[in-house]
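Report on one structure; see the data block that follows.
Any value given below was found using the heavy atoms of this structure, including those in side chains, with hydrogens, waters and symmetry copies removed. Counting starts at 1 for both ligands and their atoms, following the listed order.
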Amino acid sequence: MNIILFGPPGAGKGTQAKYLVKKINGFQISTGDILREEIKRDTDIGKKIINNMNEGKFVNDEIVNSLLKIHVFDPNKKEKLIFDGYPRSLSQAKNLDILLNESNQKIDHIFFLNVNKETIIKRIEKRKILEKRSDDHLDTILKRYYKYLETTKPVLDYYSKNSNFHEIDGTMDIDQITSKIEAFLNV
Ligand code: AMP
């Protein structure tokens, strides 16, 4: 089973992904985490992306797509992929379709965690204290949110007609969201 968790920054995608990892024995493919790891390890990629990430801008597709590809083609992760933070644009959604097709896979469920701006700001301000992320400052949060509205949200049109697309009220408590997801997954 392959799953996409879709939604604005602060929607709770990472939290639900971690739950799903345990529940279905899956692998969280968080492009944000993968990119932060590159920065932490101070790799060539890390050096290239650090400014964009700190400023809340997208990292360019070439870099993100090549890092993602490794996971999609990892035989251990096949049919157990939980995408968190990818795709973030129509071109990434199309790229994902190509990679899945080439690796003989498909998406089984897409969960759209729908959250309003006020909730996002509250949640990310809280996360800033807990995780000390360098891109969790109010001005950067807003920038990331507007980028989401402009570039990521339109991807919903690409997915929302599919029968495996499920919209969930992401302002609910973590456990309530988890229960909704479980109901769709039948687990
Ligand atoms: P996230 O942890 O998903 O909130 O992502 C943190 C940051 O990583 C984003 O603000 C972007 O700078 C970068 N990033 C993560 N995923 C992507 C993606 N799919 N495409 C481009 N940039 C990304």
(message) Tell me whether the count of non-hydrogen atoms from other residues, nucleotides or ligands lying under 6.0 Å of CD in Glu62 goes above 12.
(response) no

(request) May I ask which of Arg88, Met53, Arg144, Glu55 has a heavy atom nearer to atom 5 (O) of ligand 1 than the others do? (result) Arg88

(message) Tell me the contacting part of Asp84 for ligand 1: side chain, backbone, both, or neither, using a 4.0 Å heavy-atom threshold, strictly below.
(response) neither

(request) Give the atoms of ligand 1, by number and element, whose distance to some non-hydrogen atom of Gly85 is under 4.0 Å. (result) 16 (N), 17 (C), 18 (C), 19 (N)

(request) Answer yes or no: does an N/O atom from Val64 fall short of 3.5 Å to an N/O atom of ligand 1? (result) no

(request) Could you tell me the separation between the CD1 atom of Ile107 and the NE2 atom of His109, rounded to the nearest 0.5 Å? (result) 10.5 Å

(message) Side chain or backbone, does Gln92 bring an N or O within less than 3.5 Å of an N or O on ligand 1?
(response) yes

(message) Can you confirm whether Asp44 is buried at CG, in the sense that more than 12 heavy atoms of other residues, nucleotides or ligands lie under 6.0 Å from that atom?
(response) no

(message) I'd like to know whether NZ of Lys143 has more than 12 heavy-atom contacts from other residues, nucleotides or ligands below 6.0 angstrom.
(response) yes

(request) Name the closest protein heavy atom to atom 2 (O) of ligand 1, giving the residue it belongs to and the distance to 0.1 Å. (result) Arg36 NH2, 2.9 Å

(message) Taking the basic N atoms (NZ, or NE/NH1/NH2) and the acidic carboxylate oxygens, is any pair closer than 4.0 Å for Glu125 and Lys122?
(response) no

(message) Suppose we measure from atom 16 (N) of ligand 1 to each protein heavy atom; which comes out shortest, and what is that distance?
(response) Thr31 OG1, 2.8 Å

(message) Below 4.0 Å from ligand 1: does a non-hydrogen atom of Arg133 turn up there or not?
(response) yes

(request) From the options Ile181, Asn114, Val115, select the one residue that forms a side-chain contact (heavy atoms from CB on, under 4.5 Å) with Ile168. (result) Ile181

(message) So, 4.0 Å and heavy atoms of Lys13: is ligand 1 close enough to count as a contact?
(response) no

(request) Heavy-atom contacts with Tyr86 under 4.0 Å: which atoms of ligand 1 show up? List them by number with element. (result) 19 (N)

(message) Return the closest protein heavy atom for atom 12 (O) of ligand 1 as residue, atom name and distance.
(response) Lys57 O, 2.6 Å

(message) Between the side chains of Glu131 and Lys128, is the shortest nitrogen-to-carboxylate-oxygen separation below 4.0 Å, so that they form an ion pair?
(response) no

(message) Which of the numbered atoms in ligand 1 are under 4.0 angstrom from any heavy atom belonging to Val59?
(response) 21 (C), 22 (N)

(message) Between Arg36 and Asp33 (salt bridge meaning N to carboxylate O under 4.0 Å), is one present in this structure?
(response) yes

(request) Check Gln16, Lys180, His166 against Leu113 for a side-chain contact (heavy atoms from CB on, under 4.5 Å) and give me the one that passes. (result) Gln16

(request) Around atom 13 (C) of ligand 1, find the nearest protein heavy atom and jot down its residue, atom name and distance. (result) Leu35 CD1, 3.6 Å

(message) Which of the numbered atoms in ligand 1 are under 4.0 angstrom from any heavy atom belonging to Asp135?
(response) 6 (C)

